[in-house]
Every structure is written in C-alpha cells, then in structure tokens.
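Since the structure comes first, as structure tokens, the remarks are kept for the end.
Quantities reported herein were computed from a predicted structural model and do not represent experimental measurements.
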Amino acid sequence: MRYLPLTPEDRASMLATIGAKSADDFYTDVPKAARLKAKIAGLPDHQGELAVERHMTKLAAKNRSASSGPFFVGAGAYKHHVPATVDMIIQRSEFLTTYTPYQPEIAQGTLQTLFEFQTQVAALTAMDVANASMYDGSTACAEAAVMAARVTKRKKVILSGGLHPHYAAATRLLCEAQGLTVVQLPVAIDGEGELAKSVDGETACVIGQSPNVFGTVTDLTSVAKSAHDKGALLVSVFTEAVSLGLVTPPGEMGADIAAGEGQSIGNGLNFGGPYVGLFACKEKLVRQMPGRLCGETVDADGKRGFVLTLSTREQHIRRDKATSNICTNSGLCALAFTSHMTLLGGKGLKQLAELNHEAACELADTLGALKGVEVLTPRFFNEFAIRTPVDAEAVLAMLDEAGVVGGVRASRLFPKDHLGDVILVAATECTTTEDIAAYAAALKEII
C-alpha cells in the first residue's frame, strides 16, 4: 500500500474540522513529563519514497535466501519445494481475503477447505479427529498439555529430553500460568523411552517427540502403554510433517493427542513464519480439544453443507469457559497445506518422504566419512546430529564464508548442556548431491 502524503492545507483543513489547533492537541491526556521534548537520538528524519525504498532494499539484501546455495538448516523448520499451484490457489481473492466463517451460509468454501484440512491431518497422524487449526507446532504442544490436564484432572506434565526446546518453553509458559507442574527430563539424543519410567499416578501426560529435536526416530508404543497403565495420556509431537509419510504415525503408537508443525507441507520457510499447527486426538477427547472443529451436514433441502461443529474459543459463546484462547485458525497456511497434500496424495507423500530420507542418508554417509566427524543420531528421517572436533559455532561461521549454511549448533538450542561441538543438520528433497559434496569439501578444509 502506497503512502499518500498530505499537504499543509490538507492538515489545516482537517484540524479545523475537528476543532484542534495542532496535532499536539491529540496528546493532552499524556502527562507533559512523559512527552518527548526533542527528537529521538539516532532516528532519521522523514525521507522521500525513493530514498526509503533504497534503504529498505539494502536491508533486505542482507538476508540470505535458503535457495541461494547449499542449505542444511532444520531444527523445526524445513526447506521443501512448494508447487506453484499452491501459491496460485491461496492467492485467489475468495481465499486470500476471507477470515472467520461465523456465518456458515455464506462461508461454505472456507468451511469446506477447513473440513478437508482436518480430514488430511487426521489421516496423516492416524488419529480420530483433528481441529482447524493452531498457531504453530509449539503452541499446539502447549495446548495439548493443558488439555491433558483438563481430561485427567491432574497437574503434572513430563517432557522428554528430546523435545524441541522452543516447544518445551511454550508448554512450560502456558502450563505454569495455569498452576501445572512441568518436569523436564535431561537432554538426550536418544532418550524418548525414558518417559515410560517417569510417569506416575500424578502425571497428566507425558510428551515425547519423534523424530525428536536431534532427529532420532523412536517407537513410543511402550511409552503409551506405561502412561495408560498409570491413567496418564501420551502426547506425541513432531516438527517435520513430511516424516509421517514414512515413520509410524502417533495414532498407531497409541498416542492420545498428536501435536506438531505443518510448515513442511505447502508453506515455505518465509524467514520464520507464518506457520500452521496441527492438532489431533482420540474421538472421546474431542470436547476438550482447543480451537475449532468444522463438520459436514445437510441443509433443509438435503444438500451437503459445512458448519462449525465445535467452537470452544474464548471469542465464541463459551468465552471464559473456553478450552483455549486461540484467536485464529491460520486459515491461509492451512489451505496451503491442504492444497499441497491434495497434489501429493498418499503415494506422493510417501515418495516425498523417501526422497528426504535418501538425501539424509547420503549426507550422513558423506559427513561421517570425514576424519573427526561423528554422526550421533542412531535412527533418523531427514535430520541428525553430528559432533565435530572444532567448536560448532566456529565451524558454522567458516562454512558460511564458504557459501554453505551448515545447520544449527545445538548449543544455541541448549546453551547449558555442554553441546558446543554438536551441529544439527537436515537434508530434504531440495538437497542435491552437489550440495552435499560442497558441504563435505568445506568441512574437510575446516577440521
């Protein structure tokens, strides 16, 4: 949107119309002691449009696109190819400008896309029912924890040592605000199974992640059994939705709630968002599910139609009795997810997952063959941890100078856990053999 400036005459006319002498009259309620008496130091004066455009272009040029060279960053957000069809669909005006479908009779298109989204998420996670939708994976995880507390009427939540720390932080913040106790198990590359030993009669839920933040894939079936034996729930978390094309989905492992990030399907990295949270559960828990649930029905003439079956958000009728205060459904991101999933289908998703795993295996074999490099993750999908003989922060800085974005240092995620020589690396279908060779060559020179 272009800024349209006002002339002094325009301003004088507007002030005269409202009976003000100057713009300063708008701030009479602000105590004089709180008002600025001079310009803010370091803040430049207003400039012309052309000058501002030049300045902003220079700032934007400092960003490095994930497509500008070899890129191996994951840790919760992944570089995948998004078909051009997806962008074409979500930019159609009837989707791009819609928001909340309060009136089903005029929001059938929006409601149907959300219904299809729910159907796909439920199938992807092998759960009975899914909502539409959550902010992102971390807040979905937090909502799952407080939902489990409502269901079990217990107040203890146990987090695995492999849960993404951002997810753990969001969960801790929401839980502690509601008087729940959060127990974080020690950081572990392959420790999801420890949850089975930690659950007790006071536990509302245990939260495990597969693949976890270090990329380790774990069958959580035994954890689910231990939790259920003690009357607790299992929340199964994932950050890489494409992994569900190959690995055992939460529902087949006995999870009561599945929560994760849907960015990998249909949504680009976008320098950090917006993303879309996926949330599904067993049917018996549906009335405690946060957010909204779209359903299929028939109208007075027997024609197929769609409605909001459950709307337990605070801004609906339930208000203070709502299960959640989530105030959006990330509708456009959910539509992008649905569009991409529709293009892929079940067979396509499996093939995409296989390409990801093959690229990661090639990367692990290549890097693991370098002297001094150790692959730490025992079972992985498209992401794993490596240990280098040189400090990880220094290694990544030198890789960057060589044109390779080499991953995420574990010490950035776990600053207090002595992981200064560990790097998390990810490969997707976008990773080429040439990219891997460039990484290996640059890393060999560094170490």
Note to self: According to ring-ring contact (aromatic ring centres under 6.0 Å, His included), does anything in residues 164-190 pair up with another residue at least two apart or in another chain? List the pairs.
What the structure shows: H164-H166, H164-Y167
Next item on the list: Could you tell me which residues satisfy ring-ring contact (aromatic ring centres under 6.0 Å, His included) with F238, sequence neighbours excluded, listed by chain and number?
Entry: none
Next item on the list: Would you confirm whether N267, through its side chain, and C333, through its main-chain N or O, come within 3.5 Å as a donor-acceptor pair?
Entry: yes
Checklist line | Option among V405, T366, V425 that satisfies the side chain to side chain contact (heavy atoms under 4.5 Å, CB included) test with Y439 | finding: V425
Check: Would a distance-only check, ignoring hydrogens and angles, find a side-chain to backbone donor-acceptor pair under 3.5 Å from S68 to S65?
Finding: yes
Note to self: For F95, give me all partners under ring-ring contact (aromatic ring centres under 6.0 Å, His included), at least two apart in sequence or on another chain.
What the structure shows: none
Next item on the list: Could you list the residues that satisfy ring-ring contact (aromatic ring centres under 6.0 Å, His included) with F214, not counting sequence neighbours?
Entry: F414
Notebook entry, point to check: Would you call R35 and D24 a salt bridge, taking side-chain N to carboxylate O under 4.0 Å as the test?
Noted result: no
Can you list, pair by pair, the side-chain donor-acceptor contacts under 3.5 Å of residues 77-85, counting residues two or more places apart and other chains?
residue, atom, partner, partner atom, Å
Y78, OH, G76, N, 3.2
Y78, OH, T239, OG1, 3.4
Y78, OH, E383, OE1, 2.5
H80, ND1, E429, OE1, 2.7
H80, ND1, E429, OE2, 3.3
H80, NE2, E240, OE2, 3.0

Next item on the list: Using the test side-chain contact (heavy atoms from CB on, under 4.5 Å), find all partners of A140 that sit at least two apart in sequence or belong to another chain.
Entry: M134, A259, F279
Notebook entry, point to check: What residues form a salt bridge (charged side-chain N to carboxylate O under 4.0 Å, His left out) with D391, not counting sequence neighbours?
Noted result: none
Item checked: Under the salt bridge (charged side-chain N to carboxylate O under 4.0 Å, His left out) test, residues paired with E374 that sit two or more places apart -> R387
Next item on the list: Give every residue pair that meets the salt bridge (charged side-chain N to carboxylate O under 4.0 Å, His left out) criterion with at least one member in residues 155-165, sequence neighbours excluded.
Entry: K156-D200
Check: Among pairs that include at least one residue of residues 11-64, which meet ring-ring contact (aromatic ring centres under 6.0 Å, His included), considering only residues two or more places apart or in two chains?
Finding: none
Notebook entry, point to check: Who are the salt bridge (charged side-chain N to carboxylate O under 4.0 Å, His left out) partners of D45, not counting sequence neighbours?
Noted result: K39
Item checked: salt bridge (charged side-chain N to carboxylate O under 4.0 Å, His left out) partners for E94, two or more places apart -> R92
